[in-house]
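Numbers for residues simply follow the sequence, beginning at 1. Please read all numbers here as calculations on a predicted model, not as lab measurements.
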Amino acid sequence: MTLEQKIAQLHGAMETIDIYALTAQAAESGADMDQLAAQIRIERHVAGIEELGIPRFRITNGPVGVGMGDGTPSPPATALPMTIGLAAGFDPELAHQYGTVIGDEAATLGQHVLEGPGVCLHRLPTAGRNFEYFSEDPYLSGVMGVAVARAIQDHGVIAMGKHYAVNDQEYERFRTDVEVDERTLRELYLLPFEMLVKDAGVAAMMSAYNRVRGTYATENRYLLHTVLREEWGFEGYVQSDFWSCRSAAPSINAGMDHEMPDAKWLNEANVKAALHDTSLEIETVDRALVRRYTQMFRLGQFERPYAPGQIDARRNGEVSRRIGEQIAVLLKNENRTLPLEGVGSIVVIGQTTFVDEACLGGGGSSKVDPLYTGRPMDGLREVLDGLGSTVALSKVTVADDLSNLEEARRAAAAADAVVIMAGLVATEGADQDDASMLHDQNRLIGEVGPVNPRTVVVLKDGNPVLMPWIDAVPAVLEVWNQGSEDGHVVADLLLGVVNPSGKLPTTYPRDWADTPFAGHPERYPGTDEGAGYPVIRYTEGLRMGYRWYQSEGITPLFPFGHGLSYTTFELSDLAVRPTTGDGTSPFTVEVTVTNTGDVAGAEVTQVYLGLPEAAAEPPRRLVGFAKVRLEPGASERVRVVVDPGATHHPLSVWDACTHGFVVLPGEYTVHVGTSSADTPLTATVTVG
């Protein structure tokens with residue numbers, strides 16, 4: 001390759017633009033990321049070199065389906081449920097099915113790279129990209145991310161873990177500096193990335209926008225080289241997030257291998273100048289290309305002809321529907337309000353986003369152009385017809401200004417059952433700007449909900465939400481932003497065709513004042529410490545998510561891992577073997593799960609571990625889980641293996657002296673139950 005050819009392969013082929021100026025203009029005008037993207041023809045490819053047999057390298061976004069791909073507009077694809085919802089399934093097999101749909105469709109469309117999964121954590125309940133991340137828990141995030149990544153790469157498509165690292169909020173993401181201690185970084189925020197590397201063999205990583213300890217992530221040699229390659233053994237390549245590259249020689253020397261989507265920094269002028277003054281060596285340029293080409297060869301991309309086909313929309317839509325039905329979380333169900341049986345009339349009430357169209361969710365670069373959509377009322381009618389039901393179905397679309405709220409109240413009073421559909425659609429580029437999160441919809445639910453004693457609130461969210469109206473309604477069902485199959489999924493759940501079995505992957509606070517961030521601007525949104533940009537300090541340390549609530553003795557509205565069912569379950573006969581060890585051998589946790597109700601359903605056994613007092617850790621951490629489906633009256637013995645040598649370091653703490661994970665001697669308490677706050681079965685393992 002000539003030097004010019006090498007440089008052309010270091011970056012995307014899009015015409016360079018001033019994204020920072022455009023973003024500032026969008027913020028001033030109130031435009032969101034979708035509106036900004038519409039102004040820009042984003043090219044997601046690297047130009048090929050035909051005479052050398054190097055194909056045009058096609059890249060697509062896609063944590064929640066094949067999103068913005070090579071060229072704008074992108075080809076339509078299956079709009080899957082949001083990733084936060086997938087994590088609620090607590091089921092790696094579901095995650096594998098999810099990744100299979102994405103990998104299959106990316107391959108069918110001739111794409112080489114799928115920018116996902118995203119495994120940053122839900123540190124902030126209002127973060128704008130929580131919908132495309134999995135959970136507040138690093139282990140759950142890692143398990144689900146590994147399953148998705150493996151499935152994508154099974155289709156010859158490069159999976160790209162993102163956003164490396166601590167891109168846990170969207171506020172000022174181009175400027176923010178995240179200050180976090182090493183122990184917190186290792187035990188929480190880097191852990192799912194480590195699992196992607198070691199357990200999934202992920203082929204690529206995407207570097208984040210933000211600074212980490214004063215250095216931009218794309219220039220952070222400690223993260224990109226020392227941790228990622230020397231310690232974890234990563235053999236893939238690192239791509240910048242779009243426009244996150246901030247330099248030429250410093251970035252590529254640090255370990256960033258590929259700039260997207262343009263050549264703002266890794267262009268001929270800059271790279272040649274850096275080579276000339278020896279701030280960059282040609283061997284480093286070669287290294288960056290070899291890293292990417294190696295993964296392309298590994299996945300058979302050089303020899304694969306470009307022959308885009310047609311997505312099987314019906315097949316993949318059915319998979320999306322099955323996934324969607326297993327990830328819904330029944331938050332509340334007094335007096336067996338759900339399922340809606342024995343009613344003569346149902347009225348659906350809500351604002352247009354949630355009652356008139358399928359709730360696709362996820363604004364920004366990950367937004368999927370759907371092959372089709374299933375609207376709520378259409379789904380309800382089709383499922384009712386399939387059941388042979390004569391239920392009268394009606395709808396009231398509430399105006400954005402709530403001007404027809406009285407009409408909604410009258411309709412609610414006249415019906416046998418009321419379904420209020422509400423929620424929030426988050427977007428890249430902005431965090432939710434209000435602790436109430438649902439804004440005017442809180443008033444809608446608070447005023448309409450109490451009118452009818454059989455009222456169900458169906459939440460369609462990409463984030464946790466506050467529920468000041470929770471005592472006014474008997475039933476709440478969190479279905480997430482479902483995507484294309486919204487109508488059918490929600491109908492099947494409401495009418496009892498399927499039994500909800502999801503568990504919350506993130507804590508739902510009762511009040512914003514209960515979160516780690518209330519009264520702590522240094523934690524979020526950050527403070528200017530004199531350098532002109534916001535510095536966000538993770539001073540809560542390991543007390544994040546359910547660890548925060550348990551450490552502080554605060555009862556959340558709904559805890560991590562919570563989820564009810566249309567049936568009931570009982571856990572019994574806990575056995576842990578062996579109960580002593582040297583901290584290197586696995587131990588097994590066994591428990592009997594019994595369906596004590598009259599409906600078939602699924603339950604998730606959750607295993608948490610409390611470390612010895614010397615560890616100075618929050619009360620417990622998730623170390624294992626298993627989902628089992630049971631007929632009424634049936635029992636099954638569930639077995640979870642806890643291996644100290646596993647990639648997620650279940651018994652270990654980060655030790656600054658040895659710069660590694662260590663298992664401390666002492667007593668480890670095993671907590672087993674059905675949520676982080678409901679673990680009635682306990683045992684002790686002694687490590688000597």
Side-chain angles (χ1 to χ4, degrees), residues 1-19 41-60 69-72 110-113 115 156-158 160 203-207 216 218-219 221 224-225 228-229 234-308:
M1 298 174 71
T2 66
L3 176 58
E4 290 75 17
Q5 288 172 329
K6 291 178 180 180
I7 295 172
Q9 288 285 298
L10 290 174
H11 58 76
M14 179 178 165
E15 180 181 350
T16 300
I17 62 171
D18 190 341
I19 187 62
R41 181 176 174 82
I42 297 180
E43 299 288 348
R44 289 177 173 263
H45 73 268
V46 181
I49 306 177
E50 186 175 353
E51 62 269 28
L52 298 180
I54 299 174
R56 175 181 173 125
F57 191 55
R58 296 175 168 85
I59 302 168
T60 181
D70 178 22
T72 304
Q111 304 293 299
H112 296 106
V113 181
E115 294 174 328
V157 175
I158 290 170
M160 181 177 288
M205 284 287 188
M206 179 186 286
S207 193
Y216 275 111
T218 47
E219 300 173 343
R221 179 176 170 81
L224 300 184
H225 178 77
L228 189 59
R229 297 190 182 279
F234 178 63
E235 296 182 348
Y237 71 98
V238 175
Q239 175 196 296
S240 74
D241 201 344
F242 281 40
W243 302 288
S244 71
C245 183
R246 296 302 186 113
S247 62
S251 292
I252 200 166
N253 284 331
M256 192 203 79
D257 304 302
H258 187 68
E259 179 183 10
M260 283 297 290
D262 54 22
K264 179 178 176 64
W265 291 103
L266 299 185
N267 53 55
E268 276 197 27
N270 288 345
V271 174
K272 286 182 174 179
L275 290 169
H276 178 73
D277 67 17
T278 70
S279 58
L280 178 65
E281 303 292 340
I282 189 60
E283 289 81 5
T284 309
V285 172
D286 292 346
R287 180 188 70 182
L289 296 178
V290 166
R291 287 171 173 172
R292 180 163 66 86
Y293 292 157
T294 298
Q295 300 308 309
M296 293 175 68
F297 278 118
R298 169 191 168 195
L299 294 171
Q301 295 180 347
F302 273 95
E303 58 267 35
R304 187 180 308 143
Y306 178 63

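- Put simply, the side chain of T294 does not reach to within 4.5 Å of the side chain of R291, judged on heavy atoms.
- Without hydrogens or angle criteria, E259 side chain to L266 main chain gives a donor-acceptor distance under 3.5 Å.
- Listed here is the closest heavy atom pair of V238 and S207: CG1-CB, 4.1 Å.
- In the model, E235 has no side-chain atom that pairs as donor or acceptor with a side-chain atom of Q295 under 3.5 Å.
- S244 approaches T218 most closely through the heavy-atom pair O-OG1, 3.1 Å.
- Considering CZ of R292 and CD1 of I158, their distance stands at 8.0 Å, rounded to 0.5 Å.
- Rounded to the nearest 0.5 Å, atoms SG (C245) and OH (Y216) are 11.5 Å apart.
- Proximity of F242 to M14: side-chain heavy atoms (C-beta onward) are nowhere separated by under 4.5 Å.
- Ion pairing between K272 and E4 holds under the 4.0 Å rule for side-chain N and carboxylate O.
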- Task: Test side-chain contact (heavy atoms from CB on, under 4.5 Å) on E51 and Q5 and set out the steps.
- Result: CA-CA 11 Å; E51 62 269 28; Q5 288 172 329; 3.5 Å; yes
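- Contact detail for P250 and S247: the closest heavy-atom pair is CB-OG, 3.3 Å.
- The shortest distance between side-chain heavy atoms of E219 and R246 falls below 4.5 Å.
- For the pair Q239 (side chain) and M260 (backbone), a donor-acceptor distance under 3.5 Å is absent.
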- Task: Show your reasoning for whether side-chain contact (heavy atoms from CB on, under 4.5 Å) applies to M256 and L224.
- Result: CA-CA 7 Å; M256 192 203 79; L224 300 184; 4.1 Å; yes
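- Between M205 and M160, the closest side-chain pair of non-hydrogen atoms is not below 4.5 Å.
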- Could you go through the side-chain contact (heavy atoms from CB on, under 4.5 Å) check for L10 and L289 one step at a time? CA-CA 7 Å; L10 290 174; L289 296 178; 3.8 Å; yes
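- Residue-environment remark: CD (E303) exceeds the threshold of 12 foreign heavy atoms within 6.0 Å.
- Judged by distance alone, the side chain of R58 and the main-chain N or O of H45 form no donor-acceptor pair under 3.5 Å.
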- Task: Apply ring pair (Phe, Tyr, Trp, His ring centres under 6.0 Å) to F302 and Y293, showing your working.
- Result: CA-CA 9 Å; F302 273 95; Y293 292 157; 5.7 Å; yes
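- Interatomic distance, L280 CG to N270 CG, rounded to the nearest 0.5 Å: 10.5 Å.
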- Output, in order, the C-alpha distance, side-chain angles, deciding distance and verdict of side-chain contact (heavy atoms from CB on, under 4.5 Å) for V113 and T60. CA-CA 6 Å; V113 181; T60 181; over 6 Å; no
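- At a threshold of 4.5 Å between non-hydrogen side-chain atoms, the residues P261 and W243 count as touching.
- For the pair M206 and S240, the minimum side-chain heavy-atom distance is 4.5 Å or more.
- Distance alone, capped at 3.5 Å, places no donor-acceptor pair between the T284 side chain and the N253 backbone.
- In this structure the side chain of I54 reaches within 4.5 angstrom of the side chain of M1, judged on heavy atoms.
- Across every non-hydrogen atom of A8 and V46, the tightest pair is O-CG1, 3.8 Å.
- Classification of R44 and D262 as a salt-bridged pair fails, no side-chain N sitting under 4.0 Å from a carboxylate O.
- Of the possible donor and acceptor atoms, none in the side chain of R304 sits under 3.5 Å from a partner among the backbone N and O of H112.
- W265 contributes atom CH2, which lies 11.0 Å from atom OG1 of T16 (distance to the nearest 0.5 angstrom).
- For the residue pair A249 and A274, the shortest heavy atom distance occurs at CB-CB, 4.0 Å.
- Aromatic ring orientation, H258 versus F57: perpendicular (interplanar angle above 60°, classes split at 30° and 60°).
- Using modelled atom types, one side-chain atom of N267 and one backbone atom of K264 make a donor-acceptor pair closer than 3.5 Å.
- L3 has its side chain within reach of L275: a pair of non-hydrogen atoms, C-beta onward, lies under 4.5 Å apart.
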